[in-house]
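Before any comments, here is the structure.
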Amino acid sequence: MKAFTYERAASIEAATKAAEANPEAKFIAGGTNILDLMKLEIETPTHLIDVNGLGLDKIEPTPEGGVRIGALVRNTDLAADERIRRDYGLLSRALVAGASGQLRNKATTAGNLLQRTRCPYFYDTNQPCNKRQPGSGCSAIGGITRQHAVVGTSESCIATHPSDMAIAMRTLDAVIETVNADGVRRSIPIADFHRLPGDTPERDTVLEKGEFVTAAMLPPPIGGKHIYRKVRDRASYAFALVSVGAVIQSDGTGRVAVGGIAHKPWRMETADAELPKGARAASSVLLSDARPTDQNRFKVALVERTLSAVIAEAKG
Amino acid sequence: MTRTTKVSLIVNGKGHSLEVDNRTTLLDLLREHLHLTGTKKGCDHGQCGACTVMVDGRRINSCLTLAVMHEHNEITTIEGLGEPGNLHPMQAAFVKHDGFQCGYCTPGQICSAVAVLEEIKSNIPSHVTGDLTAQAEATPGELRERMSGNICRCGAYSNIIDAVAEVSGRKA
């Protein structure tokens, strides 16, 4: 690990100002992803701003009837929250489908959204990777691609976003709140928060340098059956090959977002509209622009089958 | 600013104040500075669980957190749970059920298991919890899922579950 200086931020303002002052600074909260990456020297910040002392660990009702989840709420606490379990069960289910008990005790809401891809070529510093080293090339394209994206890919990157939680938040239309060093606040719909790789895969999200996530807002509950189904190579503690997060109403209408297939949570409102017709209709919209490799073509069929299982479970 | 920071923390009930390189993980602080070598370094990347300790009562991977981030925290390691002649019930159950072979993952398994039973009591849900609005139970399926962050290369899993189930008051 490269040496770095360290400070415990006393306020959000101090944290954002410190980040603005040093382009090589990073925020650290749970640390479970960034420290892993720092040990491998994939991330090499010269300064860490510890934001754990800033509060931001509350789950509060909003005047609109939704909830506001502080950026530093731990994944365990969010999954265990009574209102989340009752009204946003999909979010609880997605959280406990991810990582391990130990990691969920540390990992935060904002950190989960901001975690980096687990593409093995991103992790292998001996190989080119446009996300790790812009312009160096993509080793995944033409490489071993079983885990990689099948939609929204580019010539520069075919990595996936690894978060389970973000799939639930995309289904639930969460809005991410941020603030920058000038005190300017933004409310970013989660649909616009994560990016497709395009020719700048080094940018996972639309956050600007020094911009700080303060909370995730959930709109009022929408009822329905909340289901998160994750398909992976072992029964627990593994990233998704494909995951489906859905809220299905009793009349068969609903919403669906898919994980493990793209650089961001994959949802299309035009696919939601097809849900009453069944899994084949909805998944064919979701994957109409799919460009799988020979090694990950199975994901196209797996999305339809997983969604089919979700719809069957919703009908109970 | 410097590349070292002062940190004060409580480990197994005893206060420690020291200045460490910012890069020092909590795991390395325990092993290299405090010489509490019961906590093991396996993968050092949060994948194996050998380094599991409890911080303010919650289990975490001590390899994936910086020591300097634990100002005033209370850390419990395997040494703080019990000792020869005065074993923690979970330690005694691991011995009774032969819940290990080489023993390298065992301190992490035991710290994790103690915390798992507390998590179930606190009604924290897991991936296999059926009804999110009901009280969680220490079924064998729940224990297996909740222990999945602790890898055992010797494959002592079934005996580990027997040990944890016994301490939980249920038969596996």
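Because the structure is a prediction, the values reported are computed rather than measured. Only this structure's heavy atoms are used, side chains among them; waters, hydrogens and symmetry mates stay out. All chains are named by letter (A, B, ...) in the order of the sequence lines, taking the proteins before the strands, and each is independently numbered beginning at 1.
Residues B:Glu119 and A:Thr76 are not in side-chain contact: their nearest non-hydrogen atoms beyond the backbone lie 4.5 Å or more apart. With a 4.5 Å cut-off on side-chain heavy atoms, A:Arg234 and B:Ser148 do not count as touching. Looking at A:Glu7 and B:Thr5, their side chains never come closer than 4.5 Å, going by heavy atoms from C-beta outward. At a threshold of 4.5 Å between non-hydrogen side-chain atoms, the residues B:Leu66 and A:Leu35 count as touching.
Looking only at distances, no side-chain donor or acceptor of A:Asn105 sits under 3.5 Å from a matching main-chain atom of B:Ile60. Formation of a donor-acceptor pair under 3.5 Å by the A:Lys106 side chain with backbone atoms of B:Asn61 is not found in this model. A donor-acceptor contact shorter than 3.5 Å is absent between the side chain of A:Tyr6 and the backbone of B:Arg3. In this structure a side-chain-to-backbone donor-acceptor pair under 3.5 Å is missing from A:Asp50 to B:Met69. Panel note: side chain A:Arg85, backbone B:Thr133; no donor-acceptor pair is recorded below 3.5 Å.
Interatomic distance, B:Ser126 OG to A:Leu95 CG, rounded to the nearest 0.5 Å: 13.0 Å. Rounded to the nearest 0.5 Å, atoms CD (B:Glu145) and OH (A:Tyr237) are 12.0 Å apart. In this structure, A:Tyr123 OH and B:His45 NE2 are separated by 9.0 Å, a value rounded to the nearest 0.5 Å.
Per-residue counts of heavy-atom pairs under 4.5 Å with chain B were compared for A:Ala94, A:Ala3, A:Gly53; the largest is that of A:Ala3. Of the listed residues (B:Thr4, B:Val55, B:Val116, B:Asn123), the one with the most heavy-atom contacts under 4.5 Å to chain A is B:Asn123. By number of non-hydrogen pairs under 4.5 angstrom with chain A, the leading residue of B:Thr25, B:Asp21, B:Leu64 is B:Leu64. The most heavy-atom pairs under 4.5 Å with chain B, out of A:Gly31, A:Gly98, A:Ala97, come from A:Ala97.
Side chain to side chain, A:Gln102 and B:Asn150 meet the donor-acceptor criterion of an N or O pair below 3.5 Å.
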Exercise for the section: Take A:Arg104 and B:Ile124 through the test side chain to side chain contact (heavy atoms under 4.5 Å, CB included) and record every step on the way to the result. Expected result: CA-CA 11 Å; A:Arg104 292 192 295 269; B:Ile124 290 166; over 6 Å; no
Handout entry: Derivation of the side chain to side chain contact (heavy atoms under 4.5 Å, CB included) call for A:Ser100 and B:Met147
Key = CA-CA 8 Å; A:Ser100 66; B:Met147 291 294 291; over 6 Å; no
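Heavy atoms of A:Asp77 lying under 4.5 Å from chain B belong to its backbone as well as its side chain. The part of A:Asn52 that comes within reach of chain B is its side chain, from C-beta onward, which places non-hydrogen atoms under 4.5 angstrom from that chain. For B:Ser122, no part sits under 4.5 Å from any heavy atom of chain A, backbone or side chain. Looking at B:Ser112, the atoms closer than 4.5 Å to chain A (heavy atoms on both sides) all sit in the side chain, from C-beta outward. Interface remark: A:Leu48 contributes side-chain atoms only to the contact with chain B (heavy atom separation under 4.5 Å). When heavy atoms are compared at a cutoff of 4.5 Å, A:Ala107 does not approach chain B at all. Contacts between A:Ala235 and chain B at a heavy-atom distance below 4.5 Å involve the backbone alone (N, CA, C, O).
A:Val96 and B:Pro125 get closest at one heavy-atom pair: CG1-O, 3.5 Å. The two residues B:Thr129 and A:Arg93 make their nearest non-hydrogen contact at O-NH1, 2.6 Å. For the pair A:Lys2 and B:Arg23, the tightest heavy-atom approach, listed with the atom from each and the gap, is O-CD, 3.5 Å.
The number of heavy atoms from other shown groups lying within 6.0 Å of CZ (A:Arg118) is above 12.
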